Amino acid sequence: MWIKRLVLPATVVVCFLHQNSFAQAPSPEASSETLETITITARKVTEDLQHASIAVTVLNSDDITRRGITDPTELQAVLPNIEFMPAGTPMVIIRGVGTENNLAGVDSSVAYSVDGIYLSHPTGLPPILYDINQVEAVRGPQGTLFGRNSNGGALQFNTNVPVLNQVQALAALTSGNYGRVGSEAMVNLPVGDTVALRLAFASDEHSPYFADGYQDADNQAGRARLLFAPTENLRDVLSFDISKAGGRGVGLTYCPGLTTLPQCQGRVWVPFAGLGVNHPRDFLNQQSWAAYNDFQYTTPWAALTWLSSFRRSSWDNPISVGPIAIAPATFESSPSNVSGFFTQELRLAGAPTAVKQLKWVFGLYYAHERIHQFDRYAFDDFPLFNFTSDGTVNSAAVFGQATWSVVDRLRITGGIRDTNERKASFGDAIQGGTGTPVPTGGRQSVSKVTWKAGIDFDLSNTSLLYGAASTGFKSGGVSQVPPILAAFSSYAPEYIKAYSIGSKNRFWNERLQANLEAFYYDYTGYQQYIPESDPAGGLYFATVNSQKATIYGAELETVAALTSVDRLSVALSVIPKAAFDQFVVGTLNFSGNRMQSTPKYTIQGTFGHKFNLSNGGNIAAEVETRFVDGHFVNNSNYIGSYQTSYEKTNLNIRYEDPSGTWSVTAFGNNLENKAVITAYTGVVTAPGGDEAYLAPPRTYGVTVQWRYR
């Protein structure tokens, strides 16, 4: 019934617009007013966005630059049904599916990739977006082509490939409030006729957003890519990247707006005041480097892709979260981890001209990871407990997906993936300052088959109707608990069954685009961490599975070329239900609770106008407003974790000279200066009150860019 309520009205609108699009006389200016074609690689092949039967939002380099976006978490402002929770690491929630669990070995529910290379953890993501070709945000489980840890969706960051026989260069400087200073540089150099080298570098620094000195930035990143293309059929790209994120770490604030804790009564919430802790030993040190290779060879009947990579990432983030009621000292958490991640993916895709009725992809995947984790909890210098562990992960999969054209307009799709994983993690736990080490950890083996079945139908050359059923899973793992707590030693994977129906359309002589998708999820096994005690009183943290949740909703994305110089886009996301039908884990009972970071509706509108100047240059102005309904940012649904409805407005204005060599962009984000809660700690025993993380306040700046091409 829910599908009928959501989809039937939209289908009537789509059909009406579709019929009326034929009644439109061709515009004499259609060639300058039509919307551009956008290509994506979300299904492991290059294809037109409008012909891909999945929900994808694409941002190109210009979309990112003119908004002044550098941090990946800032993409939340422009991606529908995607919420970022920057609580130490950039956790992402897509349509209610995400991970808020930093325990050792716990995987993300969203698959991240850079240049097609899967990343095991968000700490491997570069802290700066630079020399980007485009970002693809794929919503819904991608269990066939992406596999493990994609039950929420996938975020793909595709950087620019070196260009043969061309010298290109770019230099940009950014200055803004909070002492922001940013830079970006790129050079593309031909080395003979078959080799090209591309070097890129970026930095981003700003002073703290919080008055007590937290949530600043000191980030740098660099990348080198070498292209070797001796023939039209052979291409190899060898890449190396390195990055570092530094500063004092994420900020926290006491007593978020609606809290009812007694210690917060009579106090006025000052959002960015911080906790007033400011320990000199608090810091963020996130480092990553990677070497990866993309080999492609095409034949008349198929294209072979071989992706190889190794990435080492580390994350250290000692943070003081303020005094709590059971002790006068400041409670400190010092998580630290190091990951070495090796991957291989071999993929074969049918050439479009080989068998026109059949499109197919077949592949093999292997990953091996070594993880070292250290967690220290203390009151000032008095240790409470320490955990140390070393673990390995081995994951292997075989996958395939094919689309068959039954007739000219009708296609059916089927896909399957078989994943086999082995995880092991062993370590020690020390309770108190002089405690005896207690051995912890264990092993786990899991096999999962995920699949997809879909059908597409072309209503016309510019209108696509599709439906699909698919599954996805997030890996299970091993908890660092002693043998006496064997019942909590491992946890099972999360699992999703998803159903979707959608339509993609171009109307009004390719000047109006309207894409709609409705979805329904059966979600089981949500992984929640809980504290557990042994008979001796030792405290441990374990990850356990809840029972069942239901999520359903819809998204509508539209963009219109009103004239050759005017663009209007509107995006609407609705999630009427995102609730735990049953969630009883230990002493926690969240049954019936709304899932975190799932506003019932979000609407975003963007209008842009270009002023063409008499000297041949232009000024482009864009205003963007996003309204978000009130929602909880924590599954507990404590009132202190409720973010009331809010609106945020961004504005950017850019001048570009007649040659396209120079540009100056002024941008302002969160012009209302709203304090938006992104995550909640729930430390209700703190004398200062409960604590919350916040999105950035109002920021603004100017970017000057020079480009040679």
Side-chain angles (χ1 to χ4, degrees), residues 99-109 121 324 326-327 331-337 339 369-379 382-394 421-446 473-495 524-548 580 582-591 634-636 681-685:
T99 299
E100 189 187 15
N101 189 337
N102 286 328
L103 296 185
V106 176
D107 294 295
S108 170
S109 295
H121 303 289
I324 65 176
I326 62 175
F331 180 69
E332 302 169 28
S333 170
S334 301
S336 171
N337 65 58
S339 166
E369 183 175 22
R370 289 185 176 272
I371 306 172
H372 174 76
Q373 181 93 12
F374 173 74
D375 289 304
R376 175 182 181 270
Y377 300 88
F379 285 131
F382 178 76
L384 295 175
F385 34 85
N386 298 343
F387 299 97
T388 304
S389 64
D390 290 281
T392 59
V393 179
N394 290 281
E421 290 192 345
R422 300 192 313 275
K423 289 189 173 184
S425 182
F426 296 94
D428 294 310
I430 299 177
Q431 306 287 327
T434 59
T436 301
V438 177
T440 62
R443 299 180 185 274
Q444 184 195 60
S445 295
V446 171
F473 85 99
K474 171 187 166 184
S475 300
V478 176
S479 293
Q480 294 306 123
V481 297
I484 198 169
L485 296 177
F488 303 97
S489 63
S490 65
Y491 50 95
E494 298 180 357
Y495 195 68
T524 57
Y526 179 87
Q527 295 167 1
Q528 174 71 39
Y529 67 90
I530 60 172
E532 283 293 331
S533 299
D534 64 13
L539 181 65
Y540 301 89
F541 295 95
T543 298
V544 294
N545 299 95
S546 67
Q547 292 79 27
K548 186 179 185 301
F580 292 108
Q582 185 180 1
F583 190 127
V584 181
V585 173
T587 59
L588 298 178
N589 187 348
F590 294 163
S591 300
N634 190 277
N635 290 327
S636 66
T681 67
V683 186
V684 297
T685 57

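Here the structure is a predicted model, which means the values were calculated and not measured. Count residues from 1 along the sequence.
Here the closest non-hydrogen pair linking S425 and Q480 is OG-OE1, 2.6 Å. Closest of all the heavy-atom pairs between S445 and R422 is OG-CG, 3.9 Å. Pairing each heavy atom of S546 with each of V585, the nearest pair is CA-CG2, 3.8 Å. Of all non-hydrogen atoms in T440 and P482, the two that sit nearest each other are CG2-N, 3.9 Å. Heavy atoms only, all atoms of each residue included: Q527 and N545 are closest at CG-ND2, 3.7 Å. Listed here is the closest heavy atom pair of A542 and V481: CB-CG1, 4.0 Å.
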Practice prompt. Dump the intermediate steps for side chain to side chain contact (heavy atoms under 4.5 Å, CB included) on V438 and Y540, then the final yes or no.
Written response: CA-CA 11 Å; V438 177; Y540 301 89; 3.8 Å; yes
Practice prompt. For side chain to side chain contact (heavy atoms under 4.5 Å, CB included), just list the numbers for K474 and V106, CA-CA rounded to whole Å, side-chain angles, deciding distance to a tenth of an Å, and then say yes or no.
Written response: CA-CA 9 Å; K474 171 187 166 184; V106 176; 4.1 Å; yes
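With a 4.5 Å cut-off on side-chain heavy atoms, K423 and D107 count as touching. Counting heavy atoms from C-beta on, the side chains of E532 and V544 never come closer than 4.5 Å.
Taken from CD1 in I430 to OG1 in T388, the straight-line distance is 6.5 Å, to the nearest 0.5 Å. Once rounded to the nearest 0.5 Å, the distance linking CD of Q528 with CZ of F583 reads 4.0 Å. Rounding to the nearest 0.5 angstrom, the gap separating the OG atom in S636 from the CG atom in L588 is 9.0 Å. The distance from atom CD of Q444 to atom OH of Y491, rounded to the nearest 0.5 Å, is 7.5 Å.
In this structure, T524 contributes its side chain and Q547 its backbone to no donor-acceptor pair below 3.5 Å.
Below 30°, between 30° and 60°, or above 60°: for F541 and F387 the angle between ring planes is above 60°, a perpendicular geometry. The aromatic rings of Y526 and F580 sit perpendicular to each other, their planes meeting at more than 60°, with 30° as the lower class boundary.
Between the side chains of T99 and S108, no donor N or O sits under 3.5 Å from an acceptor N or O.
Among H372, Q373, R370, the single residue meeting the side-chain hydrogen bond (donor to acceptor under 3.5 Å, both in side chains) criterion with D390 is H372.
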